[in-house]
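Worksheet for the structure shown next.
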Amino acid sequence: MSTSPSYLLLASLDAARAQLSENPGAIFSRSIDLSVMAKELIEEVPGVTLLDSSSFPNCSTMDPLRLTVGFWQLGLSGYEADEILDRDHGIVCELVGSRYMTFALNLGTHEEHVQRLVSGIKHLSVASAAKSTEGTVNNGDLGPFLDIEMAMSPRDAFFVSKRKASIEECPGKICGELICPYPPGIPLLIPGEIITERALDYLMQVKKYGTLITGASDPLLSSLIVCNE
């Protein structure tokens, strides 16, 4: 199922559906076995964390073909780890975040692919342990914000006059644009919202890690669009 209008993607989904209907009970058995093997090997690597079902006790199931690996205990952001794995080992992840990377296994995955992934992660662990670091990646302020305050509705903020303000003068101002770090692809600031120091600190932190910031009129984030009060 997809909302994409791409005929290439729709044809691929239709072919996948047909393939699944031929042997629905066992077609993914080998891929799942490789995923289990990969998780067992990655769990043995020092300084690396692996997302598993124990992190979500109320979740009935997780995708067995997704491996989400955290590198913050090595002093690495997900973007730094992604660059090293891609450059030195030819490993491309499905999704990268400020603290983690997600890898996808599929019907085309073979044991040598898993071994290369594990070897690359071990290399990260050894290399990070060998050099002096200033500490782990700070993840204490990466949770959802509970102090959101709206000064006006997004609609009103869309039509009101606006101006560009330097990032230093933005706290307390009314945001005039939608600022959305990806991942996770959830807006950090929306039009009409009061800009807080905490939101700006988070924005600067994830930008430092290499997060893609969408919606900002200034890609350098030296300024933001604010509403005239």
Would you call [X] and [Y] a side-chain contact if the rule is heavy atoms closer than 4.5 Å?
| X | Y | answer |
| --- | --- | --- |
| Leu203 | Leu188 | yes |
| Phe159 | Arg155 | yes |
| Asp82 | Phe71 | no |

Is [X] linked to [Y] within one hydrophobic cluster, defined over Ile, Leu, Val, Met, Phe, Trp and Tyr using a side-chain heavy-atom separation of less than 4.5 Å?
| X | Y | answer |
| --- | --- | --- |
| Met101 | Leu50 | yes |
| Val226 | Phe158 | no |
| Leu67 | Val92 | no |
| Ile194 | Ile225 | no |
| Leu117 | Ile84 | yes |

Okay, side chain of [X], backbone of [Y]: is any donor-acceptor separation there less than 3.5 Å?
| X | Y | value |
| --- | --- | --- |
| Ser31 | Asn106 | yes |
| Asp218 | Ser222 | yes |
| Ser128 | Ser125 | no |
| His89 | Asp86 | no |
| Thr214 | Cys180 | yes |
| Glu83 | Glu80 | no |
| Glu177 | Ser217 | yes |
| Ser35 | Pro64 | yes |

Under a 4.0 Å N-O cut-off, is there an ion pair linking [X] with [Y]?
| X | Y | value |
| --- | --- | --- |
| Arg66 | Glu94 | yes |
| Arg163 | Glu169 | yes |
| Asp14 | Arg17 | yes |

Where do [X] and [Y] come nearest, in terms of heavy atoms and distance?
| X | Y | answer |
| --- | --- | --- |
| Glu44 | Glu40 | CG-O, 3.4 Å |
| Trp72 | Arg99 | CE3-O, 3.2 Å |
| Ala38 | Val114 | CB-CG1, 3.6 Å |
| Leu200 | Cys170 | CD1-CB, 4.1 Å |
| Pro46 | Leu74 | O-CD2, 3.8 Å |
| Leu189 | Cys175 | CB-SG, 3.9 Å |

Using a cut-off of 6.0 Å, state whether more than 12 heavy atoms not belonging to Glu111 lie near its atom CD. no

Over 12 foreign heavy atoms within 6.0 Å of CZ, Arg87: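 Yes, enclosed.
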
What verdict does the side-chain contact (heavy atoms from CB on, under 4.5 Å) test give for Met62 and Leu51, after you've listed the backbone C-alpha separation in whole Å, the side-chain angles of each residue and the deciding distance to 0.1 Å? CA-CA 10 Å; Met62 292 181 64; Leu51 185 69; 4.1 Å; yes

Measuring from [X]:[atom1] to [Y]:[atom2], what's the distance to the nearest 0.5 Å?
| X | Y | atom1 | atom2 | answer |
| --- | --- | --- | --- | --- |
| Phe28 | Leu34 | CZ | CG | 12.5 Å |
| Arg30 | Thr109 | CZ | OG1 | 7.5 Å |
| Ile167 | Leu221 | CD1 | CG | 6.0 Å |
| Lys173 | Asn228 | NZ | CG | 9.5 Å |
| Leu105 | Lys39 | CG | NZ | 9.0 Å |
| Ser98 | Lys207 | OG | NZ | 14.5 Å |

With distance as the sole criterion, is a donor-acceptor pair present between the side chains of Thr211 and Tyr79 under 3.5 Å? yes

Should Gln73 and Val48 be marked as a side-chain contact (heavy atoms from CB on, under 4.5 Å) after you check the CA-CA gap, both sets of side-chain angles, and the distance that decides it? CA-CA 7 Å; Gln73 293 181 6; Val48 172; over 6 Å; no

Might you work through the side-chain contact (heavy atoms from CB on, under 4.5 Å) test for Val206 and Ile213, ending with a clear yes or no? CA-CA 9 Å; Val206 298; Ile213 310 296; 4.2 Å; yes

side-chain contact (heavy atoms from CB on, under 4.5 Å), paired with Ile174, selected from Glu193, Met152, Lys162: Met152

Could you walk me through whether Tyr100 and Leu95 satisfy the side-chain contact (heavy atoms from CB on, under 4.5 Å) test, starting with their C-alpha distance in whole Å, then the side-chain angles of each, then the deciding distance to 0.1 Å, before giving a yes or no? CA-CA 9 Å; Tyr100 64 87; Leu95 184 68; 4.3 Å; yes

